[in-house]
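Quick note on labels: first sequence line is chain A, next is B, and so on, each numbered from 1. All figures in this text were calculated on a predicted structure; none of them were measured in a lab.
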Number of protein chains: 2
Amino acid sequence: MKRVTIVDVARSAGVSPAAVSLALNKPSRLSPETVERVRETARVLGYVPNPHALALVQKRAGAVGVLVPQTISETFANPYFAEFLRGVGAGCEEKGLSLQLVPPREGSVEKAVSIAPVDGFLVVGLSEEHPGAKPLSRRGVPFVVVDGDAEKAPSVNCDDEGGAYAAARFLARRHRKILVLGFPRSSGGRERFVWGVEKRRLRGYRRALEEYGITWTADSVTASAVSPEGGEEAFARAFDRLSRAGRRPTAVLAASDATAFGVLRAAGRMGLRIPEDLEVIGFDDVPFAAFCNPPLTTVRQPIEEKGRVAAELLLGLLEEEDRPVAEARLLPARLVLRGTTV
Amino acid sequence: MKRVTIVDVARSAGVSPAAVSLALNKPSRLSPETVERVRETARVLGYVPNPHALALVQKRAGAVGVLVPQTISETFANPYFAEFLRGVGAGCEEKGLSLQLVPPREGSVEKAVSIAPVDGFLVVGLSEEHPGAKPLSRRGVPFVVVDGDAEKAPSVNCDDEGGAYAAARFLARRHRKILVLGFPRSSGGRERFVWGVEKRRLRGYRRALEEYGITWTADSVTASAVSPEGGEEAFARAFDRLSRAGRRPTAVLAASDATAFGVLRAAGRMGLRIPEDLEVIGFDDVPFAAFCNPPLTTVRQPIEEKGRVAAELLLGLLEEEDRPVAEARLLPARLVLRGTTV
DNA sequence: GGTTGTCAGTAAAACGTTTTAACGGAGGAG
DNA sequence: CTCCTCCGTTAAAACGTTTTACTGACAACC
């Protein structure tokens, strides 16, 4: 049951451990017959090098970490994330890197960061100023910020504000009572999304609405978990409350497709016809936005490309130590009209 | 730019490296004032322990690997996988474990297995007899087989054959020309899915169809990539070919929801009405099956639960070395009728 | 006063590799 | 015959931790 190590192979083949290492990694520096003998011995014994020892000595683990601010379960509730990972995977695979998903450990992002045996991080949905970001630089591994706001670190984002503005404008022309669904609040005590993606999207919504004379107040935006269930529940509750107050909304701006799907479900359950009784616009254009019933009007961003770009940026950082500048990539976002708007 | 190590802290605090380690991990074995001084020094210097060294000495990396037989990108093209990971994540998080996605490295599953710095593997979609499975036992880390077939190793599956049988029976009562869509063939040269999940689902389809007198031949099943795009393309091509031959299908059995989504799209493009002109049944019941247009009739399996069960099995293996028996968990699968069947 | 015990802290081994520098022997050049 | 070079191989250092066993020092006990 004990693992076979390099010294076992060495002993069995009658050579030194160094010779085994060379035979396996730099065969040209050994006589062909020795190489052959050592390799055969290793094969017979079933030798597999210990990855931890390897990582320690070569200072690389062959994996990049994807740091997410929520649990894995919450994270994948949003199909956006799977699509994003497809891009990351595509970017990493050519270099033979694995992907490690790193959720907070016992609620602490810092702890998770320090423990994860990875060569670099893709930080998604976190601000550079976030307390969890500090250990990152201490860890001494490079990182790229995605869907956050970074000044000094390289980052990848889409034009959240512009996309949101277009969506809101499209609705504000014909509606006065627009329900805006945002991201969750104070999950874990800290207001996680007051900056970053949400801040920008809300800013876009607000700008458009105000241009059309719709006043924006503190409670203009309704918090919602980023999942169909979250959207369903948040919409149902808010719609009910507003209807009672005589301000029944006729359109919805959802800050995420995942949320919008929930809105559609809730609306269906309540007997609202879409888009006649209620227009809905999501954000992201995840693959299934085009498939749902009716097909979702949404703001399209190149999710998969975003992942690939982020991975490429990080790989660049991994190879050249001394990349000085903080490159900030901005990807486009544009409104695509489908069946949930007239 | 150099990382601060434990000896830096030790030197700076005027103690031995051992004392630093104790101060951080077993503070009770040191005087309170020393502990405080060391911790303060560590904080000021920004010390973060090296995860590789930690993993080497404690023989645990704090991560479990999810071994997939395709690229990350291909894997996440099937929404099934994200849902599965939600369960795995839920199972792992309470123990504070990260998740590492391990795709084949340079086409070799073996290489990927030996390099990944993880404490155990969830092997999805691979047979125990698969060449890639051998290095697993050599690695000396425990593993659980999911969606494969294992005799000696612990495994988790759903009742693929039973679910498929139910679906096929439901159609065979009213249809004679049923198109069966399977998994991709010979990707990478080896016929990856002739066993395991596909074998069982096809067996279920076949049994039902033959009971209704529909003959099953070598070309009864059409290969399809497990993604909407794959399903779209495979269906369009097969439908065309069969129509020309005067055997235009009136129903489709898709071995996966992801494929079925593609069928719906292709059918829509071709002007086929669903379910009037074509009935479709998928498999898995991914979250969006209920949302698509029309809602997909499919075979439901408890995907998220499957992930959780697999994680729990693996965690058990990680804790108790000497768990002898190969537990094989079988989860239920049942047909749920929605809008793509009459 | 010797034995025993506890306490705070340390030296050194261990984990399993890679890599650097050195070594001995053989062969060739002078 | 000596010196130099080359070749195949090895000893030992390095990576950064944790852990085990040990060392003094000091107090307590009989």
Would you mind reading off the distance between A:K26 atom NZ and C:dT20 atom P, rounded to a whole angstrom?
7 Å
What is the distance, rounded to the nearest whole Å, between atom CD of A:E33 and atom C1' of D:dC7?
12 Å
When we call it a touch if two heavy atoms are under 4.0 Å apart, what does A:V48 touch: a base, just sugar-phosphate, or nothing?
sugar-phosphate
Give a yes or no answer on whether the side chain of B:R139 reaches the backbone of B:A116 with a donor-acceptor pair at less than 3.5 Å.
yes
Return whichever of B:A18 or A:A18 has its heavy-atom-nearest nucleotide of DNA chain C closer to the 5' end.
B:A18
Length of the CZ-P vector between A:R139 and D:dG16, whole Å
13 Å
OP1 or OP2 of C:dG9 versus the side-chain N and O atoms of B:S31: is any pair under 4.0 Å?
yes
Nucleotide nearest A:V57 when distance is taken to its side chain, options D:dT10, C:dT10, C:dT18:
C:dT18
To the closest 0.5 Å, what do you measure between NZ (A:K59) and NE2 (B:H52)?
9.0 Å
To the nearest angstrom, how far is A:R29 atom CZ from D:dC6 atom P?
15 Å
Need to verify one output field. Residue with the more 5' nearest nucleotide on DNA chain C, A:T5 or B:T34?
B:T34
Closest nucleotide among D:dT18, C:dA8, D:dT10 to the A:V15 side chain
D:dT10
Looking at B:E36 and B:R39, is any side-chain nitrogen of the basic one under 4.0 Å from a carboxylate oxygen of the acidic one?
no
Using atom types as modelled and distance alone, determine if a side-chain donor or acceptor of A:D119 lies under 3.5 Å from a backbone N or O of A:V64.
no
With a 4.0 Å cutoff (strictly under), does any side-chain N or O of B:N25 reach OP1 or OP2 of D:dT18?
yes
Would you call A:E305 and A:R308 a salt bridge, taking side-chain N to carboxylate O under 4.0 Å as the test?
no
Could you give the CG-to-P distance, from B:L22 to C:dT10, as a whole number of Å?
10 Å
Report yes if a side-chain nitrogen or oxygen of A:S21 is closer than 4.0 Å to either non-bridging phosphate oxygen (OP1 or OP2) of C:dT18; otherwise report no.
yes
Distance check needed: D:dT17 P versus A:L56 CG, whole Å only.
9 Å
Please compare A:S28 and A:P17 by the position of their nearest nucleotide in DNA chain D and report the one closer to 5'.
A:S28
Could you check how far CD1 of A:I6 sits from C1' of C:dG16, rounded to whole Å?
8 Å
Quick one: B:K59 NZ to C:dG16 C1', roughly how many Å, whole number?
8 Å
